[in-house]
There are 2 protein chains.
Amino acid sequence: MQSLSTPETNAILSTHLEVRVVIFSLDTRGLQVLLRPLADPQHPIWELPGQAVGLDQSLDESASHCLTHYSGLQESYLEQLYTYGDVKRCHEKRLVSVVYFALIPLDKAIFKSPDHACWHAVEKLPDLLLDTGDILAYALRRLRYKLEYSAVGFELLPDNFSLSELQSTYEKILGEKLDKRNFRKRILKADIIEPTPHQRLGEGRPARLYRYRPDAVAEVKTRRLFP
Amino acid sequence: MQSLSTPETNAILSTHLEVRVVIFSLDTRGLQVLLRPLADPQHPIWELPGQAVGLDQSLDESASHCLTHYSGLQESYLEQLYTYGDVKRCHEKRLVSVVYFALIPLDKAIFKSPDHACWHAVEKLPDLLLDTGDILAYALRRLRYKLEYSAVGFELLPDNFSLSELQSTYEKILGEKLDKRNFRKRILKADIIEPTPHQRLGEGRPARLYRYRPDAVAEVKTRRLFP
DNA sequence: GCAAAAGTGTTCTTTCTACACCCATGC
DNA sequence: GCATGGGTGTAGAAAGAACACTTTTGC
């Protein structure tokens with residue numbers, strides 16, 4: 001039994017510590033995840049964007065740096081998901097992956113991500129490296145779950161959005177239709193968004209635009225927004 | 001940007017990877033956590049039980065091994081909590097702690113834990129190492145939260161328990177009184193416990209004993225048991 | 001027979017769900 | 001003036017909260 005005060009250095013000499021980020025976004029077709037190709041460009045295997053954790057970096061900093069590198073965004077929703085460290089997940093070496101998940105509004109992200117990374121619909125994923133499929137499944141479950149009791153949907157939208165856009169976001173992530181009147185009642189009652197003076201013009205009647213209340217960020221105790 | 005295929009080995013040469021386990025239990029006084037003393041036996045600083053992760057060990061295996069070492073129990077509730085990897089949390093070295101939390105029934109645990117580890121009431125914690133206080137606060141929050149929507153309370157009780165004992169468990173963890181009739185209605189409706197033929201004799205009328213339904217373990221979708 | 005803990009139902013309030021029509025704009 | 005998406009209220013069902021007395025045992 002090793003304690004903090006007597007670490008056994010050789011136990012971690014060939015362990016590789018990395019962060020990976022599951023970056024979700026939303027386009028008209030649905031929920032997308034950013035993956036980068038590995039190996040053969042003809043029949044690539046895809047992996048989560050990630051990086052080794054630098055000696056002088058926190059895990060959070062590494063993940064944030066990685067997210068910025070791939071999305072071009074400085075401030076985004078980023079949360080630690082889970083740490084994967086099964087010995088069987090990689091044959092060559094001891095691989096510990098601290099996985100984060102991120103939500104970004106597609107309109108703000110850079111068009112072309114580095115390392116040929118690109119977006120994939122979560123319902124139609126390509127061949128994936130190692131246990132990446134499991135990680136993605138868990139990230140998606142957590143995202144859906146989080147949506148039910150917190151206010152995370154806004155992170156995928158531009159600063160100003162219409163209630164229909166917000167509802168459509170929830171529907172795409174949850175994969176089910178929601179009632180328009182009930183949706184509005186609940187989201188407004190939850191008191192986490194506020195109207196702006198702006199409107200969005202479109203095909204029909206213009207839509208009032210709303211924004212996420214900045215002071216609602218702190219403690220979002222909006223449990224079970226959509227049971 | 002480092003990828004899985006080109007790891008920068010020197011970046012992790014002096015990183016220490018360890019697991020720590022927040023082991024909760026319950027006695028008559030309330031919720032307890034197992035801590036082990038560090039340094040001066042007169043004025044000790046306390047830390048979470050933990051160990052370096054062996055090269056041939058999964059994180060889960062390490063945590064499980066550590067839990068068994070300190071509790072004497074083979075099978076217990078054990079779940080990954082969070083991975084702490086801030087550079088500022090330890091001055092001497094790069095310290096990455098994958099923290100788990102565990103729930104054990106006190107009646108089954110060994111009486112004397114190794115390394116002079118002992119139980120402390122969560123409301124009256126001693127001096128703690130580094131960010132151990134933050135970790136404990138988070139573990140407690142997660143435990144309380146989990147109790148509201150899942151069936152985790154049983155893990156702290158013996159195999160057979162009365163409804164009053166179960167209610168008392170919930171009350172001690174949540175820190176509030178619950179209505180006896182409503183509690184019984186809900187816990188029985190949730191269909192996660194079943195009566196046994198046994199009774200517990202005591203000062204008053206004997207109590208029927210219940211047990212956790214083993215087939216209810218798989219997917220406990222009992223959300224918001226106690227809102 | 002009394003102390004001590006176990007056990008049990010009903011009413012009221014709140015929340016959830018289902019559902020259909022009018023409104024403002026662009027063309 | 002019509003097509004398009006935006007916006008609004010109500011009634012019935014379900015779930016939650018509050019609440020007090022009877023039962024069984026040991027002493």
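So you know, we letter chains A, B, ... as the sequences are listed, proteins then strands, and number each from 1.
Annotation: of the two residues near DNA chain D, B/Lys180 and B/Gly202, the 5′-most nearest-nucleotide partner is B/Lys180. Taking for each of B/Gly204 and A/Leu188 the nucleotide of DNA chain D with the nearest heavy atom, the 5'-most of the two is the partner of A/Leu188.
Side-chain polar atoms of B/Arg20 and B/Thr132 form no donor-acceptor pair below 3.5 angstrom. B/Tyr82 and B/Arg142 are not linked by any side-chain donor-acceptor pair at a separation below 3.5 angstrom, with hydrogens and angles left out of the test.
Per the geometry, CZ belonging to A/Arg208 stands 14 Å off C1' belonging to D/dT8, to the nearest Å. Between A/Glu203 atom CD and D/dG6 atom C1' the separation is 13 Å, expressed in whole Å. Residue A/Gln199 contributes atom CD, which lies 17 Å from atom P of D/dG5 at whole-angstrom precision. Spacing between atom OH of A/Tyr210 and atom P of D/dG6 amounts to 12 Å, rounded to whole angstrom units. Spacing between atom CG of B/Leu178 and atom C1' of D/dG16 amounts to 13 Å, rounded to whole angstrom units. At whole-Å resolution of the value, CZ in A/Arg200 and C1' in C/dA24 are 17 Å apart.
Checking D/dT24, D/dA18, C/dA6 against the side-chain heavy atoms of B/Lys185 singles out D/dA18 as nearest. Nearest to the side chain of B/Arg205, among C/dT10, C/dT8, C/dA5, sits C/dA5. Looking at the side chain of B/Asp179, the nearest of the listed nucleotides C/dG7, C/dA24, D/dC19 is D/dC19. Picking from D/dT25, D/dG7, C/dA6 the nucleotide with the shortest atom distance to the side chain of B/Ala207 gives C/dA6. With distances taken from any side-chain atom of B/Asn182 to the nucleotides D/dG6, D/dG9, D/dA17, the minimum falls on D/dA17.
Applying the 3.5 Å distance criterion, the base of C/dT14 shares no donor-acceptor pair with the side chain of A/Lys189. Side chain B/Arg181 to base D/dC19: a donor-acceptor pair is found below 3.5 Å.
Ring planes of A/Phe154 and A/Phe161: tilted class, angle from 30 to 60°.
If you check every strand for non-hydrogen atoms under 4.0 Å, B/Arg184 touches a base.
Shown for residues 159-167 of chain B: residues whose heavy atoms fall under 4.0 angstrom of DNA chain C, namely B/Ser164.
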Margin query: For a salt bridge (charged side-chain N to carboxylate O under 4.0 Å, His left out) check, start with the C-alpha distance between B/Asp179 and B/Arg186, then their side-chain angles and the critical distance, and finish with the verdict.
Written below: CA-CA 11 Å; B/Asp179 180 87; B/Arg186 256 175 293 185; over 6 Å; no
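The shortest distance between side-chain heavy atoms of B/Val152 and B/Tyr77 falls below 4.5 Å. Within the 4.5 Å cutoff, the side chain of B/Leu67 has no heavy atoms near those of the B/Leu73 side chain.
The pair B/Asp131-B/Lys88 fails the salt-bridge criterion, with no side-chain N (NZ, NE, NH1 or NH2) lying under 4.0 Å from an Asp/Glu carboxylate O.
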